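Every heavy atom of this structure was used, including side-chain atoms; hydrogens, water molecules and symmetry mates were not. All residue numbers in this chain count up from 1 along the given sequence. Not measured: the values here are computed from a predicted model.
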Amino acid sequence: ETVTPPVQESSPVTSSGWGLPVSSVSVSSPYGWRANPWGNGPSEFHDGIDLVGASGTSIYASKAGTVATTGYDASAGNYVIINHGDGYYSYYLHLSSFAVSTGQSVGQGSLVGGMGTTGNSTGVHLHFGIATSGSWSGFVDPAPLLGIKLKKDLIADTYVSLLSGL
């Protein structure tokens, strides 16, 4: 028997076809180079975006697909990887709970699990990643695919607008 997890009532979908994995977006750490969050050691490359919220906050599938794997990793904590069948995989890390299992089909907006702070984590958040591989490589910046505009993007847009007006 296949159990279909509940689908989020309103999953805003971008023109790229990706939906938000949380109902309220607050980015604490963007994709790219950053200072070591523990304050010791060299800068590191952050291969996803961190979305903050309360423990247990519902996490949703950003796109329909098949759950490639679920598990626990010392760094990622409880995680889910979804294969979208189009060359992309989405990664959901530091979960407090699972609502899906390996091999399960999920629709866009299906409940994946709860937000947590498992593994190597500085606090409750979802580390969300998009990659071209299901084996922890080939990561791309998820913000543009999700329609998330970060402050640095807004500044760049403003600068381009100002220059085009000259």
Side-chain angles (χ1 to χ4, degrees), residues 1-32 34 37 45-150:
E1 174 181 55
T2 302
V3 177
T4 303
V7 174
Q8 182 181 3
E9 299 258 338
S10 59
S11 178
V13 178
T14 65
S15 60
S16 67
W18 292 88
L20 295 170
V22 292
S23 58
S24 177
V25 174
S26 179
V27 177
S28 63
S29 186
Y31 177 89
R34 68 177 184 179
F45 192 83
H46 191 228
D47 59 14
I49 57 175
D50 289 346
L51 304 169
V52 295
S55 183
T57 296
S58 294
I59 305 300
Y60 304 103
S62 282
K63 217 173 179 187
T66 302
V67 178
T69 187
T70 64
Y72 178 83
D73 175 84
S75 181
N78 294 327
Y79 66 88
V80 170
I81 301 173
I82 299 175
N83 180 350
H84 300 289
D86 59 0
Y88 287 102
Y89 294 77
S90 56
Y91 287 68
Y92 308 80
L93 280 55
H94 307 300
L95 302 176
S96 63
S97 61
F98 295 101
V100 295
S101 56
T102 301
Q104 182 177 339
S105 290
V106 294
Q108 186 171 45
S110 294
L111 185 65
V112 170
M115 189 178 290
T117 185
T118 58
N120 191 12
S121 170
T122 57
V124 177
H125 71 285
L126 168 66
H127 173 98
F128 178 78
I130 296 175
T132 57
S133 162
S135 58
W136 304 91
S137 64
F139 287 95
V140 298
D141 186 354
L145 294 171
L146 296 176
I148 297 173
K149 284 271 195 180
L150 301 171

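Aromatic ring centres of Y89 and W136: separated by at least 6.0 Å. Close placement of the Y91 and F139 rings is indicated, their centers lying within 6.0 Å of each other. The distance between the ring centers of Y92 and F128 falls below 6.0 angstrom.
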Open item on the list: Pair H94, N78 - check side-chain contact (heavy atoms from CB on, under 4.5 Å), show working.
Closed with: CA-CA 5 Å; H94 307 300; N78 294 327; over 6 Å; no
Task: Residues L20, V25; criterion side-chain contact (heavy atoms from CB on, under 4.5 Å); working and verdict - done: CA-CA 8 Å; L20 295 170; V25 174; 3.8 Å; yes
- [ ] Determine, step by step, whether V124 and V52 satisfy the side-chain contact (heavy atoms from CB on, under 4.5 Å) criterion, reporting the C-alpha distance in whole Å, the side-chain angles of both residues, the deciding distance to 0.1 Å, and the verdict.
- [x] CA-CA 6 Å; V124 177; V52 295; over 6 Å; no
TODO: Could you walk me through whether S62 and Y60 pass the side-chain hydrogen bond (donor to acceptor under 3.5 Å, both in side chains) test, one step at a time?
DONE: CA-CA 6 Å; S62 282; Y60 304 103; over 6 Å; no
TODO: Kindly indicate, with the supporting measurements, whether the criterion side-chain contact (heavy atoms from CB on, under 4.5 Å) is fulfilled by I130 and W18.
DONE: CA-CA 10 Å; I130 296 175; W18 292 88; 3.9 Å; yes
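Summarising the geometry of G32 relative to F45, their closest heavy-atom pair is CA-CE1, 3.5 Å, with the distance given to 0.1 Å. Of all heavy-atom pairs spanning G19 and L146, the tightest one is O-CD2, 3.3 Å. Looking at every heavy atom in both residues, I82 comes nearest to V106 through CD1-CG2, 3.9 Å. Of all heavy-atom pairs between P30 and L150, the closest is CB-CD1, 3.5 Å. Contact record, S90 with H84: OG-NE2, 2.7 Å, taken as the closest heavy-atom pair.
Aromatic ring pairs are classed by plane angle as parallel below 30°, tilted from 30° to 60° and perpendicular above 60°; the pair H127 and H46 is perpendicular.
Pairs passing the salt bridge (Lys or Arg N to Asp or Glu O under 4.0 Å) check and including a residue from residues 46-62, sequence neighbours excluded, read R34-D50. Screening residues 92-115 for salt bridge (Lys or Arg N to Asp or Glu O under 4.0 Å) gives no qualifying pairs among residues at least two apart or on separate chains. Residue pairs meeting the salt bridge (Lys or Arg N to Asp or Glu O under 4.0 Å) criterion with at least one partner in residues 70-87, sequence neighbours excluded, are K63-D86.
Across L95, L93, V112, a single residue satisfies side chain to side chain contact (heavy atoms under 4.5 Å, CB included) together with L126, and that is L95.
No side-chain heavy atom of Y79 sits under 4.5 Å from any side-chain heavy atom of T70. In this structure, S121 and T118 have side chains that are not in contact, with every pair of non-hydrogen atoms separated by 4.5 Å or more.
A distance-only check finds no donor-acceptor pair linking the side chain of H125 to the backbone of L51 [under 3.5 Å]. Of the possible donor and acceptor atoms, one in the side chain of S96 sits under 3.5 Å from a partner among the backbone N and O of G114. Remark: the backbone N or O of L145 is paired with a side-chain donor or acceptor of S16 at under 3.5 angstrom.
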